[in-house]
Participant: 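Below: one structure in structure tokens.
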Amino acid sequence: MNSFHAELARVCTELGTPLFGVTGDSNLFFVDSFVRRGGRYVAVTHEGAAVLMAAGYASVSDRVGLATITQGAITNAVTALADATRSRLPLVLFAGETPSWDDDNVQRVPTDMIVRSSGAEYLRLEHLADADDVLSLAFRRARRSARPVVVGIPTDHTHEPCSLSGALSGSLSEPAQEVVPTRDAVRTAVEVLLRTRRPLILAGRGAIAEADRAAMLALARRLGARVATTLRAKELFRGEPADLGIFGGLRSGRSAVYFDASDVIVAIGASLNSYTTHQGAATHGRHVVHVDVDAAKARSTPFIHGSAAVTARALLEELTAQGVDSDRPLWDVAGSAEPEPVRAETSAATSGDRRPGTVEYLESLELLDSLLPPDRLLTVDGGRIFFESVRRISVASPRDYVHTMSMGSIGLGLSLAMGAAVADPARLSVAVSGDGGFMLGGLSEFTTAVRRRLKLLVVVLNDGCYGAEHHHFVKRGHDPATTYFDWPDFAPVARSLGGHGMEVHRPADFQHVADAIAAGSWPLLVDVKLDPNRIPMDFHRAPPAARAGGHP
């Protein structure tokens, strides 16, 4: 009979999923067995990065990500687990735990409490006789609830004899269960739709499958509805005449007039959080029909508990039964002129000269969008650079966008982008980061990208400071001196780590970036020099008292 570590390696290898991790006393024999069996192991430099890479892999591949860390290291993974939980990304983390008899071990920590504080689920493998059940449960729950599940494995199990069945791979091959809405819920929603004239269908990340898109567009044509998406479903309706783009706080100037004029929102697979709804202002004064597979997420009445495609088709069938049996014209805002684009607020007056050796931020984003291959993967790190970057850099489909801001932390983006690169190695994975975010969570993991020769482009939008803090200081008339950092030049650092690096000081330098992309110089870091006083930050969270009178 094999030891537990060898059996765990065997069943994980059979899954065909890469394993991201940092080894230590608790998991080194498991990882060694995994590699010896031909498994794809990605050794990283930080435990949080292992979790984030598994999350990035899950986001792009639509599979359960897999990671491993040693005993006590769960403390390094809390932020990553919290972000993956809030992003609803399924992954299983094998977390080593100190031997059950070793109460004085310096690496002993309350793994269960730490994991649950992040919002992730925790399962402990107490007895090897239960290993099949615990492992299968972990993968099923990760997949069905779309969140991380941490399996705590005491180190003293490592060399114990064990035999695992094939139940683990079977648990992952189970098809997702469709949630069929009740007839009463569908009828109630249609009664609302029949009383409105300017409907808008809002799709979230839970409705980005091709079948979901097709069913929602069919419903939209029947209603004559405009369509829009949350940020995490960006580009789902790209090219459709009815498309308004991103709804809520990140809406464009063109869309604002239509959002304001809509009288009902059919939200499908969208959580309707305060960022999407602009603290409720975007839904104030409108009927909202909310559709989701998770009944606990109900945010409005009527709420329909159902899967996206099956519910959209049920609404269409009920409309037909109610006499709406042909498509309606797309509604418009009568007499409205094309609105001016929303102008981003800057940190300070921009009438003076730009700092020498720097480029304009918004122009740089537009140039970057134009020179990247159309089928790229995109991850944008948190911070001041996030909002305009996700607006202006496009993707071909929502699945190509890996979200980073669920925890509101900087420094998570590069690891997520690297997980995406492992999931789809043929395509270019683009990580856009501020300089502070890169230094916080990117510098050491760039060496991982070099070792794996990942097809990765890291764009550092470098204003030499912590940007959001700089913005707030300047806005209130304070000296922003404490936000500035005298960073090293990142391009030579990238080259010293074994990758490729270049700097952008003027718009013409972007041609060199395009040439490097065409040459396939990976991984590549591009240090874009910016003036910190000319960086827009157009996103605001209104206090609750301002919600009622706000606009989307």
Side-chain angles (χ1 to χ4, degrees), residues 144 175-230 232-233 236-237 240-244 247-248 258-273 276-277 282-333 398 552:
R144 291 178 180 177
Q177 297 295 313
E178 276 194 337
V179 179
V180 179
T182 66
R183 185 72 183 274
D184 287 344
V186 171
R187 283 176 173 172
T188 300
V190 167
E191 288 175 3
V192 173
L193 295 177
L194 291 174
R195 295 197 301 268
T196 60
R197 292 292 177 268
R198 296 181 301 279
L200 185 151
I201 293 178
L202 173 65
R205 186 74 176 192
I208 64 171
E210 187 56 40
D212 301 335
R213 181 181 185 275
M216 288 185 291
L217 285 174
L219 177 62
R221 287 190 289 270
R222 182 61 52 89
L223 292 169
R226 296 277 172 176
V227 294
T229 72
T230 64
R232 294 191 64 210
L236 179 64
F237 300 120
E240 292 291 326
D243 185 24
L244 296 177
F247 182 82
Y258 293 95
F259 289 152
D260 286 348
S262 64
D263 57 8
V264 62
I265 297 170
V266 183
I268 304 179
S271 65
L272 293 180
N273 61 49
T276 295
T277 65
T283 56
H284 179 73
R286 297 169 180 80
H287 298 286
V288 178
V289 176
H290 191 193
V291 179
D292 203 277
V293 294
D294 187 352
K297 288 188 171 183
R299 292 291 185 98
S300 69
T301 301
F303 174 78
I304 304 178
H305 182 213
S307 300
V310 68
T311 302
R313 289 192 291 265
L315 290 169
L316 187 61
E317 290 170 3
E318 183 61 25
L319 284 166
T320 301
Q322 294 287 341
V324 184
D325 53 5
S326 59
D327 293 349
R328 291 177 172 176
L330 182 65
W331 68 268
D332 210 336
V333 180

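Sequence positions, counted from 1, serve as the residue numbers for this chain.
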Participant: Nearest 0.5 Å, what's the CZ-CG distance between Phe259 and Leu244?
Facilitator: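 Going from the CZ atom of Phe259 to the CG atom of Leu244 covers 5.0 Å.
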Participant: For Gly306 and Val291, which heavy atoms make the closest approach, and how far apart are they?
Facilitator: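 Scanning both residues completely, I find the closest heavy atoms to be O-CG1, 3.7 Å.
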Participant: Please identify which of these residues, His287, Arg198, Arg286, meets the side-chain hydrogen bond (donor to acceptor under 3.5 Å, both in side chains) condition with Ser262.
Facilitator: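 Single side-chain hydrogen bond (donor to acceptor under 3.5 Å, both in side chains) partner of Ser262 among His287, Arg198, Arg286: Arg286.
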Participant: On a heavy-atom basis, which atom in Ala215 and which in Arg313 lie closest, and how many Å separate them?
Facilitator: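 Heavy-atom minimum between the residues: CB-CG, 4.1 Å.
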Participant: Please walk me through it: do Leu223 and Thr196 pass side-chain contact (heavy atoms from CB on, under 4.5 Å)?
Facilitator: CA-CA 10 Å; Leu223 292 169; Thr196 60; over 6 Å; no
Participant: Judged by atom type as modelled, is there a donor-acceptor pair below 3.5 Å linking the side chain of Arg205 to the main-chain atoms of Pro398?
Facilitator: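 Checked: pair present.
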Participant: Checking Asp332 against Arg226 for the side-chain contact (heavy atoms from CB on, under 4.5 Å) test, could you report, in this order, the C-alpha distance in whole Å, the side-chain angles of both residues, the deciding distance, and whether it holds?
Facilitator: CA-CA 9 Å; Asp332 210 336; Arg226 296 277 172 176; 3.8 Å; yes
Participant: What closest approach, in Å, do Ala220 and Val227 show between heavy atoms, and which atom pair accounts for it?
Facilitator: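 Closest pair (atom of Ala220, atom of Val227, distance): CB-CG1, 3.7 Å.
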Participant: Using residues 186-195 as the side-chain source, report each donor-acceptor pair under 3.5 Å to any protein atom, sequence neighbours left out, with the distance given to one decimal.
Facilitator:
residue	atom	partner	partner atom	Å
Thr188	OG1	Asp184	O	2.9
Arg195	NH1	Glu191	O	3.3

Participant: Once you round to the nearest 0.5 Å, how far does CZ of Arg213 lie from OG1 of Thr229?
Facilitator: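 Rounded to the nearest 0.5 Å, the CZ-OG1 separation comes out at 11.5 Å.
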Participant: Can you measure from CD1 (Ile201) to CG (Leu315) and round to the nearest 0.5 angstrom?
Facilitator: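 Answer for the CD1-CG pair, Ile201 versus Leu315, is 8.5 Å.
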Participant: Please determine whether side-chain contact (heavy atoms from CB on, under 4.5 Å) holds for the pair Leu272 and Asp292, giving the CA-CA distance in whole Å, both sets of side-chain angles, and the decisive distance to 0.1 Å.
Facilitator: CA-CA 11 Å; Leu272 293 180; Asp292 203 277; over 6 Å; no
Participant: Which atom names give the shortest non-hydrogen contact between Ala242 and Ala225, and what distance separates them?
Facilitator: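 In this case the closest contact between Ala242 and Ala225 is CB-O, 3.6 Å.
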Participant: Calculate, to the nearest 0.5 Å, the distance between atoms CG and CZ belonging to Leu316 and Arg221 respectively.
Facilitator: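 Reported to 0.5 Å precision, the distance equals 9.5 Å.
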Participant: Side-chain contact, heavy-atom cut-off 4.5 Å: Leu319 with Leu219?
Facilitator: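 Yes - at least one pair of side-chain heavy atoms lies under 4.5 Å apart.
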Participant: Answer yes when Arg144 and Asp294 have at least one side-chain N-carboxylate O distance shorter than 4.0 Å, and no when they do not.
Facilitator: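 The answer is no: the pair does not qualify as a salt bridge.
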Participant: In plain terms, say whether Arg222 and Asp327 are close enough for a salt bridge, that is, a side-chain N and a carboxylate O under 4.0 Å apart.
Facilitator: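 Yes, Arg222 and Asp327 are salt-bridged.
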Participant: Determine the minimum heavy-atom distance between Ala270 and Thr230, stating which atoms define it.
Facilitator: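 Heavy-atom minimum between the residues: CB-CG2, 3.7 Å.
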Participant: What heavy-atom pair brings Leu330 and Pro241 nearest, and what distance separates the two atoms?
Facilitator: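 Residues Leu330 and Pro241, closest heavy atoms: CD2-O, 4.0 Å.
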Participant: Can you check side-chain contact (heavy atoms from CB on, under 4.5 Å) on Val310 and Val179, steps first, answer last?
Facilitator: CA-CA 8 Å; Val310 68; Val179 179; 6.0 Å; no
Participant: Return each pair, listed once, that meets ring pair (Phe, Tyr, Trp, His ring centres under 6.0 Å) where at least one residue sits in residues 293-313; pairs must be two or more places apart or across chains.
Facilitator: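 Qualifying pairs: His290-Phe303.
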